[in-house]
Amino acid sequence: MSDYEKRKQENIKKNQALLASLGFDKPTLEPKEKIIKKAPAAKKRKVSEDTSDESPAPREVKAPRATLADSAPESGVRRSSRNAGKTVDYKNEIVDRTPVPVAYSSGVKGTENTGPMGREDGKRTHDPKTYGSIPGVEVGTWWEQRRGCSADAIHAPWVGGISGGKQGAYSVALSGGYDDDVDLGYAFTYTGSGGRDLKGTKQNPKNLRTAPQSSDQTFENNFNKMLKRSCETKKPVRVIRGYKLRSPYAPSEGFRYDGLYTVERAWLEKGLNPKGYLVCKYAFKRLPGQPALPVRSAASEAEASEDTADEDEQSAEEEVEETKDAEDAVKDEDQTTGEEVEDIEDAEEMVEDEDQTIGEEVEKAEDAE
DNA sequence: GGGCCCGCAGGG
DNA sequence: CCCTGCGGGCCC
């Protein structure tokens, strides 16, 4: 096993243990076929009230949607990990599988996205600089491209992974940029931004949008600061998953809105780069009362992992099992409700003790709310 | 597949 | 204006 692989596994193990200590709702606890049609009662409503500055989203105010025929390009390169690079005829394909049965859109396995499509372009009808859900955009909505997420106000930046303001991040994108991030669906770890050399050297100037790690990340970085702030304010963060993410919860194509999460932890650790530069890491946990996450089918995963080592691609079941083990190791705790797991101090201390490079002080933000 | 360069939205 | 950034198209 290579050194890289060894360190990767170490990081992943540590991240998994931390996620397990958060006590998130697990998919196995939710009836997969069951669709939650109405906002279920007090719990969810409370969340949206607490977490959104805006007035509650009126259901009838739907963001205008382009029809599939309108939004579909004539042809193009598929944004998919399964069919990367293949030229496809979108109109034919989309018409073939339209309409998408709504019954699919909440957690049934499928090789294709089952939720509704958003707009791929156009003028915004909502402000992305808000906390919480966007009126008219339901969890599970997906887009072929990042610009679509931006047009529908779910995630504004076309490239950047983090968007946010004074009270924390509005949204983040999971797109597989970091190999040691762990995605358990209902919780995940995320790596901050910065520490990359996008401009190259003077002799060899570049104009890149992403690049390998070349220095330490810090919480001074604005985006990293925002996410740390999210950890303090517990403002909900919209999350999109992209097809490039290596996870059973990644969509097989495009970018999917997976609902609201909170940031539960923020710390520093050695990243998976050759020099061991520090990266800012965060642990996210999904808010309860949302539609179940779709899981990639075995077939889809098999295709996706055709060229990669088998061990790299885990089935959702395996991940869940490992999580359970990790949970048992961390703490024997009742997970059946998944609601009131606030006594996480023990687990927290334990993790902190393990991690020497943990961030010290969460500096108090001067700005009053 | 990989390398390069580009537009764009957002924040200072 | 400047800078950044888990895209995307194009060329090879």
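Bear in mind that the values here come from a model prediction, so they are computed numbers and not experimental data. Below, chain A is the first sequence line, B the second, and so on; all start at residue 1.
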Note to self: With a 4.0 Å limit, can you tell me whether Ser175(A) has a side-chain N or O closer than that to the phosphate oxygens OP1/OP2 of dG7(C)?
What the structure shows: yes
Notebook entry, point to check: So, is Asn222(A) close to the dG12(B) phosphate, meaning a side-chain N or O under 4.0 Å from OP1 or OP2?
Noted result: yes
Note to self: Does dT4(C) have OP1 or OP2 under 4.0 Å away from a side-chain N or O of Lys199(A)?
What the structure shows: yes
Check: Does a nitrogen or oxygen in the side chain of Arg196(A) sit under 4.0 Å from OP1 or OP2 of dC6(C)?
Finding: yes
Check: In whole angstroms, how far is the P atom of dC6(C) from the CZ atom of Arg147(A)?
Finding: 19 Å
Note to self: Suppose you measure atom C1' in dC6(C) against the same atom in dG12(B); what distance do you get, rounded to whole Å?
What the structure shows: 22 Å
Margin query: Go nucleotide by nucleotide along DNA chain B from the 5' end; which of Tyr170(A) and Leu208(A) gets its closest nucleotide reached first?
Written below: Leu208(A)
Next item on the list: May I have the step-by-step check of side chain to side chain donor-acceptor pair (under 3.5 Å) for Asn207(A) and Lys199(A), ending in yes or no?
Entry: CA-CA 5 Å; Asn207(A) 184 16; Lys199(A) 296 205 282 208; over 6 Å; no
Notebook entry, point to check: Separation of Lys129(A) atom NZ from dA9(B) atom P, in whole Å?
Noted result: 13 Å
Note to self: Is there a side-chain contact between Lys166(A) and the phosphate of dG11(B), meaning an N or O under 4.0 Å from OP1 or OP2?
What the structure shows: no
Notebook entry, point to check: Looking at dC6(B), dG5(C), dG8(C), which one has an atom nearest to any side-chain atom of Ser193(A)?
Noted result: dG5(C)
Check: In whole angstrom, what separates Gln213(A)'s CD from dT4(C)'s P?
Finding: 14 Å
Checklist line | pair Trp142(A)-Phe255(A): side-chain heavy atoms closer than 4.5 Å | finding: no
Margin query: Mind checking if Gly242(A) touches a base, just sugar-phosphate, or nothing, with heavy atoms under 4.0 Å?
Written below: nothing
Check: Under the 6.0 Å and 45° cation-pi test, does Lys228(A) pair with Phe219(A)?
Finding: yes
Check: Heavy atoms under 4.0 Å, any strand shown: does Gly177(A) hit a base, just sugar-phosphate, or nothing?
Finding: base
Next item on the list: For Gly165(A) and for Val159(A), locate the closest nucleotide of DNA chain B by heavy-atom distance; then report the residue assigned to the nucleotide nearer the 5' terminus.
Entry: Val159(A)
Next item on the list: Using a 4.0 Å heavy-atom cut-off across all strands, classify Ser163(A) as base, sugar-phosphate, or nothing.
Entry: nothing
Next item on the list: Could you tell me whether the phosphate oxygens of dG10(B), OP1 or OP2, come under 4.0 Å of any side-chain nitrogen or oxygen in Arg124(A)?
Entry: yes
Item checked: Out of dC6(C), dC6(B), dG7(C), whichever nucleotide has its closest atom nearest the side chain of Asn207(A) -> dC6(B)
Checklist line | Euclidean distance, atom CD of residue Gln167(A) to atom P of dG11(B) [Å, nearest integer] | finding: 14 Å
Item checked: Atom-pair distance (CG on Leu272(A); P on dC6(C)), nearest Å -> 17 Å
Notebook entry, point to check: Base, sugar-phosphate alone, or nothing: which one does Gly195(A) contact when heavy atoms must sit under 4.0 Å apart?
Noted result: nothing
Notebook entry, point to check: How long is the line joining CG of Leu245(A) and P of dG7(C), in whole Å?
Noted result: 11 Å
Notebook entry, point to check: Has Phe223(A) got its ring stacked on the base of dT4(C), with centres under 5.5 Å and planes less than 30° apart?
Noted result: no
Notebook entry, point to check: Using the benzene-type ring in the case of Trp, are the ring centres of Tyr282(A) and Tyr190(A) under 6.0 Å apart?
Noted result: no
Margin query: Using whole Å, what does the distance between atom C1' of nucleotide dC6(C) and atom CZ of Arg241(A) come to?
Written below: 14 Å
Item checked: Quiz item: cation-pi between Lys235(A) and Tyr131(A), 6.0 Å / 45° -> yes
Checklist line | For dC11(C), the Watson-Crick or wobble counterpart (both distances under 3.5 Å) | finding: dG2(B)
Item checked: Below 4.0 Å: OP1/OP2 of dC5(B) and any side-chain N or O of Lys206(A) -> no
Item checked: Reported OG-to-CG distance for the pair Ser193(A) and Leu227(A), which is rounded to 0.5 angstrom -> 8.0 Å
Notebook entry, point to check: Atom NZ of Lys244(A) and atom C1' of dG2(B): how far apart are they, to the nearest Å?
Noted result: 13 Å
